[in-house]
Amino acid sequence: MADTKTAETEAEKPPRSVRVVLLALMITMMLAMLDNMIVGTAMPTIVGDLGGLEHLAWVVTAYTLATAASTPIWGKLGDMYGRKGVFMASIVLFLIGSALSGMAQNMGELIGFRAIQGLGAGGLMVGVMAIIGDLIPPRERGKYQGMMAGVMALAMIGGPLVGGTITDNWGWRWSFYINLPLGAVSLTLISAVLHLPKKRAKAGIDYLGVVLLTVGITSIVLVTTWGGTEYDWTSARIMELVGIGVASLIGFVYWQTRAAEPIVPLHIFRSRNFTLMSLIGFITGFVMFGATLFLPLYQQSVQGASATNSGLLLLPMLGAMLVTSMVAGRVTTNSGKYKIFPVVGSVLMVVGLYLLSTMDTGTSRFTSGVFMAVVGLGMGCLMQITMLVAQNSVEMRDMGVASSSTTLFRTLGSSFGVAIMGALFNNRVQDVMSQKAGALGSKITEQSAQLDAASLAKLPAAAREAYQHAVSAGTHSAFLLGSVVAVAALVAAVFVKEVPLKGAGPQKADEATDGAAAAPPPMVDAV
């Protein structure tokens, strides 16, 4: 009996080759998440060296646009032609873009090379999630949620620190070159150890679908990026982009019903769970990136925290997210139950955001840290569970598009969150500054409602106090909106159907519906 138990335990333990592949995937995931945070820290130095301050925003926008537009395409290519080759191609393209960005001689070149880098980045996160979906059955996948959440937390905390250290000691070009050795390690491990079945689709690539989707996503991201900053929300340019985006996406949906090999097969949305997880992922992205934008701003402007270690300011939220994600993963693996986590996570997110909206100029760092931890607990229940349930809701042949679609919805959610919460924040800050500091207040926030530490220190005491009240009012409005939006995630979570996870034992015929397919091949066979 003891020998039998030992054999079963060894059989359940992932083979060494799978663990090596997971290491390579986590390195790649780190690459995808670290880049923008490292580069963001280096931007002042880059502008000082290359000039072109008026084009500064495009360094980030070009990367974001290329990443969002290419994400669903990489997922579909992996489904059509095999996961390994497509994933390695995305890493190579990302590294080429990184090397070229490091060699840029002017701002125009840097923007173009960042777009190349973004095209590769679109396949990194999708590739990681889809390969994990191929290798590890959903029932067992929960064990690795903590690992993925840990990488995410490490990137968000360590990104600004690493970026500042590299820029100060090696120069800004190493903010891009640092990707090369990490990417080389990942490529080497994946090439040597990962062996997935090769595929060859009979149908060709849906080029019209690619064009329509790219134009639609690009228009949406530009609207959320430019609206309220570069152009007024009601300006002709924004209205043109809205019209182009809506028309392109309507055309895309129509064409997907006729294409031989659609980029995003619409049948995956017949699964109630997949559709609900896409919505929850969108809202999670909306809330998370809005929170990570405004919390450090509040702590620096109102609570007087240092901007040097800005990533550490988010530690209560990210630490809680990491712990909860690990617990949720273990419970899901051991019980096969997961519906409780989207429900509880959504409740915690609504409550936590509402608590954050109550912060004012007298709120202590400890109190704001507790409020952040509540939000982190909620996001920890949602971040990886949404991907897990989405992948469990489709057939294996659609694993790539399921992963890419979920990632895309989260990305679009973050774009909308930053834009809408940012617009609300800016308007509120400017209104309060006008009320409390009159014409001087309006002049102070005329260019931007977000002042850096140096600008804040130069303000007269009365204007500085007015600005602190304005930031408190702005964050109140932004987080209150986030709390209201998060209610939609709670409603969606209530309607999630608990379909048994693949790999969780025998299923009844009527339980294996809702888009779920038979369990994937064992990990040992896949590698």
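All values derive from a computational prediction rather than experimental measurement. Computed from heavy atoms alone, side chains included, the values below leave out hydrogens, waters and symmetry copies.
When all heavy atoms of Asn273 and Lys497 are compared, the closest pair comes out as ND2-O, 2.6 Å. Of all non-hydrogen atoms in Ser368 and Met359, the two that sit nearest each other are CB-SD, 3.5 Å. Residues Ala66 and Ala115 share a closest heavy-atom pair of CB-O, 3.2 Å. Closest heavy-atom contact between Ala69 and Pro72: O-CD, 3.7 Å. Shown here for Gly369 and Pro316, the closest heavy-atom pair between the two residues is O-CB, 3.4 Å. When all heavy atoms of Ser346 and Ala493 are compared, the closest pair comes out as OG-CB, 4.0 Å.
In terms of modelled atom types and a separation under 3.5 Å, the side chain of Ser357 and the main chain of Leu480 share no donor-acceptor contact. Between the side chain of Arg114 and the main chain of Val59, a donor-acceptor pair closer than 3.5 Å is present. Of the possible donor and acceptor atoms, one in the side chain of Thr386 sits under 3.5 Å from a partner among the backbone N and O of Met383. Of the possible donor and acceptor atoms, one in the side chain of Tyr177 sits under 3.5 Å from a partner among the backbone N and O of Gly102. With hydrogens and angles ignored, the 3.5 Å screen pairs no side-chain donor or acceptor of Thr71 with any backbone N or O of Ser404. A donor-acceptor pair is defined here as one N or O able to donate and one able to accept, closer than 3.5 Å; no such pair exists between the side chain of Thr361 and the backbone of His469. Remark: the backbone N or O of Thr363 is paired with a side-chain donor or acceptor of Asp360 at under 3.5 angstrom. For Ser271 (side chain) and Ile268 (main-chain N/O), no donor-acceptor pair under 3.5 Å exists by modelled atom type. Looking at Ser483, its side chain does come within 3.5 Å of a backbone N or O of Val350 through a donor-acceptor pair. Remark: the backbone N or O of Leu95 is not paired with any side-chain donor or acceptor of Asn179 at under 3.5 angstrom.
Contact check for Ser415 versus Ile220: no side-chain heavy atoms found under the 4.5 Å cut-off. You'll find the side chain of Met379 reaches within 4.5 Å of the side chain of Met317, heavy atoms only. Residues Leu412 and Val221 form a side-chain contact, since some pair of their non-hydrogen atoms from C-beta on lies under 4.5 Å apart. At least one side-chain heavy atom of Thr214 sits less than 4.5 Å from a side-chain heavy atom of Ile73. Side-chain contact check for Asp232 versus Ile238: every heavy-atom pair is 4.5 Å or farther apart. Side-chain contact between Met277 and Val496 is present, with heavy atoms from C-beta onward closer than 4.5 Å. Looking at heavy atoms from C-beta onward, Ile280 lies out of side-chain contact with Ile385 at the 4.5 angstrom threshold. In this structure the side chain of Met421 reaches within 4.5 angstrom of the side chain of Phe286, judged on heavy atoms.
Here the OG1-CD1 distance, from Thr64 to Ile217, works out to 13.0 Å after rounding to the nearest 0.5 Å. The structure places CG of Leu356 at 8.5 Å from OG1 of Thr475, a figure rounded to the nearest 0.5 Å. Here OG1 of Thr324 is found 10.0 Å from CG of Leu382. Values are rounded to the nearest 0.5 Å. Expressed to the nearest 0.5 Å, how far CE of Met125 lies from OG of Ser403 amounts to 11.5 Å. Considering CG of Asn427 and OG of Ser477, their distance stands at 9.5 Å, rounded to 0.5 Å. Put simply, CE on Met349 and CG on Leu377 are 12.5 Å apart, with the number rounded to the nearest 0.5 Å.
Sparse packing is recorded around OH of Tyr354, with 12 or fewer heavy atoms of other residues, nucleotides or ligands lying under 6.0 Å away. Summarising the local packing, CD of Glu109 is surrounded by more than 12 heavy atoms from other residues, nucleotides or ligands at distances under 6.0 Å.
For the pairing with Phe425, the ring-ring contact (aromatic ring centres under 6.0 Å, His included) check across Phe294, Tyr298, Phe479 returns one residue only, Phe294.
Residue pairs meeting the ring-ring contact (aromatic ring centres under 6.0 Å, His included) criterion with at least one member in residues 220-252, sequence neighbours excluded, are Trp58-Trp226, Trp226-Tyr231.
Under the ring-ring contact (aromatic ring centres under 6.0 Å, His included) criterion, Phe409 pairs with no residue at all, not counting sequence neighbours. With sequence neighbours excluded, no residue satisfies side-chain hydrogen bond (donor to acceptor under 3.5 Å, both in side chains) with Asn106.
For the residue pair Ser186 and Thr28, a side-chain donor N or O sits within less than 3.5 Å of a side-chain acceptor on the partner.
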Check the pair Thr411 / Thr67 against side-chain contact (heavy atoms from CB on, under 4.5 Å), numbers first and verdict last. CA-CA 9 Å; Thr411 302; Thr67 301; 5.8 Å; no
Working for side-chain contact (heavy atoms from CB on, under 4.5 Å), residues Thr407 and Met387: CA-CA 8 Å; Thr407 303; Met387 180 66 72; 3.6 Å; yes
Show your working on side-chain contact (heavy atoms from CB on, under 4.5 Å) between Leu182 and Ile27 and close with a plain yes or no. CA-CA 7 Å; Leu182 293 174; Ile27 293 174; 4.2 Å; yes
Under the side-chain contact (heavy atoms from CB on, under 4.5 Å) criterion, do Leu110 and Phe176 qualify, and how do the steps go? CA-CA 11 Å; Leu110 180 60; Phe176 299 104; 3.9 Å; yes
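Between Phe94 and Tyr63, the angle of the ring planes goes over 60°, which puts this pair in the perpendicular group of the 30/60° scheme.
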